[in-house]
Every structure is written in C-alpha cells, then in structure tokens.
Amino acid sequence: AEVELVDPLDLGHVQAAWALAKCVCEAAPGAVVLDVFGAQAHVGEEVAALDPDRAFRLMHEVAIMVDDAHPPCATIVTRGLIKFGRPDLVVDRVPVDQVAGAAQLVREIAEALADGELLEPGDHIELPDDPGGFAVDVLPDDWREQLGLERGLLLTPS
C-alpha cells in the first residue's frame, strides 16, 4: 500500500519538544537532554537558557558523523533528519582527503531537506564543479539496520 503524507506547515513539533525540554531544565538545572534521533546531548543549563526566538540552526538538530576507520575512504552519515520527516543521508567511500568538502555538501543537502525539499530514490544531485554529481538510492536494509536509522538514502558519486 502506498500512502501520501502532507508535510507540516511549520516545525511546531520540534519547537514544542524544545519548549518542553527547556521547562524541564529550568526546573532541574542539572539535567541533560539526550536527542536520540540527532545523536547529541545538551547540558541542562544551556537548554534552559535557549531563546525561544532563536534562529534555526541545523547543527543543533542534526549530527553529521564521519567514520574514517577504514582508510583510504570514509563514510558520512547524518542523524536527525527524521525529525523533519526526511530520511538520513549516507555517503560511502569518500576519499579521506575529500571528507571536509563532502561533509559540507551533505550539510547543504540536509539544510535543504530540513527546509522542506524532497529527495527521493532515482533523483540526481548536480554539483556546480563536478559534472558527475550524486545518484540517490534507497539505503539497503542491512546498512540501515547496522547504522540504526529509521530511513535512509544512499548518495553515490555518479
């Protein structure tokens, strides 16, 4: 069965979660807030001091992780895009000398996704200085399970 879901008009669900965390941390300053989806921990005092009118910061909601345990290549994985109704991104076999540029590209794609853009299997990401770009595929189930992701897309240089 196929279901079509409508994106929310705003990020009220994310704002409500931070408002609740802020209230808890104001009452219990020694608390720690664990963002399971975003793979981050936040000190209670910092959460209590969050300005409700602050600008959106992707890196407060999403983590970009690099696994470089198997040189000469690395794997880049996002965590937390599920909060925006988007799949996390995985880029495999990135040469270690290109990790910084690839991670910046992943961040830009994640920003666009958090801002409402859609990326689906079969899409192609064009890059200004790379005629090949990236092909977008479904992340294989064994990878998704191994990485602990709800949903994922594999970006492969084409």
Side-chain angles (χ1 to χ4, degrees), residues 1-18 21 32-43 46-47 50-51 54-158:
E2 192 171 307
V3 176
E4 187 172 320
L5 299 176
V6 177
D7 276 345
L9 296 176
D10 57 28
L11 296 176
H13 59 286
V14 176
Q15 293 170 321
W18 281 115
V32 174
V33 175
L34 298 177
D35 179 351
V36 176
F37 292 114
Q40 299 182 50
H42 303 275
V43 177
E46 293 172 5
V47 173
L50 287 175
D51 180 358
R54 68 189 176 282
F56 173 76
R57 286 187 13 242
L58 178 75
M59 300 312 293
H60 192 261
E61 305 296 335
V62 175
I64 299 176
M65 304 174 141
V66 176
D67 177 359
D68 60 356
H70 304 288
C73 293
T75 301
I76 300 172
V77 179
T78 65
R79 296 207 179 268
L81 286 173
I82 195 76
K83 294 187 280 186
F84 304 97
R86 301 295 184 263
D88 279 298
L89 306 173
V90 177
V91 183
D92 192 35
R93 299 186 187 148
V94 178
V96 288
D97 62 337
Q98 296 177 19
V99 165
Q104 179 59 36
L105 174 64
V106 167
R107 181 180 178 159
E108 290 171 15
I109 295 168
E111 287 261 7
L113 292 173
D115 197 34
E117 291 291 326
L118 293 174
L119 194 57
E120 297 177 353
D123 286 349
H124 187 266
I125 300 171
E126 308 261 338
L127 303 176
D129 41 342
D130 178 5
F134 287 92
V136 180
D137 295 306
V138 173
L139 187 66
D141 284 342
D142 58 333
W143 283 36
R144 187 185 49 73
E145 290 173 16
Q146 181 181 359
L147 293 169
L149 300 175
E150 295 285 325
R151 295 175 36 215
L153 290 175
L154 180 62
L155 305 182
T156 308
S158 47

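Hydrogens, waters and symmetry mates are skipped; everything else that's a heavy atom, side chains included, is used.
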Minimal non-hydrogen separation, Leu58 against Ala114, with atom names: CD1-CB, 4.0 Å
Single hit among Leu119, Ile76, Val77 for side chain to side chain contact (heavy atoms under 4.5 Å, CB included) with Leu89: Leu119
Residues 90-106 vs side chain to side chain donor-acceptor pair (under 3.5 Å), sequence neighbours excluded, gives Thr75-Asp92, Gln104-Glu108
4.5 Å side-chain heavy-atom contact, Leu147 and Glu145: no
In Å and rounded to the nearest 0.5 Å, what is the CD1 to CG distance from Ile82 to Leu149? 9.0 Å
Indicate the atoms forming the closest heavy-atom contact of Val32 with Ala41, along with that distance. CG1-CB, 4.3 Å
Measure the spacing between CZ of Phe56 and CD of Glu111 and express it to the nearest 0.5 Å. 6.0 Å
I need the Leu11 CG to His13 NE2 distance, nearest 0.5 Å. 5.5 Å
Taking atom CZ of Arg57 as the centre, report whether more than 12 heavy atoms of other residues, nucleotides or ligands fall under 6.0 Å from it. no
Taking the inter-plane angle between the rings of Trp18 and His60 on a 0 to 90° scale, is it parallel (under 30°), tilted (30 to 60°) or perpendicular (over 60°)? tilted
For Arg151 and Gly85, the nearest pair of non-hydrogen atoms, with its separation, is NH1-O, 3.5 Å
Per the salt bridge (charged side-chain N to carboxylate O under 4.0 Å, His left out) rule, what does the pair list look like for residues 75-90, sequence neighbours excluded? Asp7-Arg86, Asp35-Lys83, Glu61-Lys83
State the CD-CE distance between Gln40 and Met59, to the nearest 0.5 angstrom. 7.0 Å
Residues Val33 and Val47: closest non-hydrogen pair is CG2-CG2, 3.9 Å
Do Val136 and Leu155 have side chains that get closer than 4.5 Å, going by heavy atoms? yes
So, for Ala110 and Leu81, which heavy atoms are closest and what is the spacing to 0.1 Å? O-CD2, 3.8 Å
For a quick test of your reading: what N or O donor-acceptor pairs under 3.5 Å do the side chains of residues 66-73 make, sequence neighbours left out?
| from | atom 1 | to | atom 2 | distance (Å) |
| --- | --- | --- | --- | --- |
| Asp67 | OD1 | Ala69 | N | 3.0 |

Within the 4.5 Å heavy-atom criterion, are Leu153 and Pro121 side-chain neighbours or not? yes
Any side-chain heavy atom of Thr78 sitting closer than 4.5 Å to one from Ile64? yes
Counting C-beta onward and ignoring hydrogens, is there a side-chain heavy-atom pair between Ile109 and Phe134 closer than 4.5 Å? no
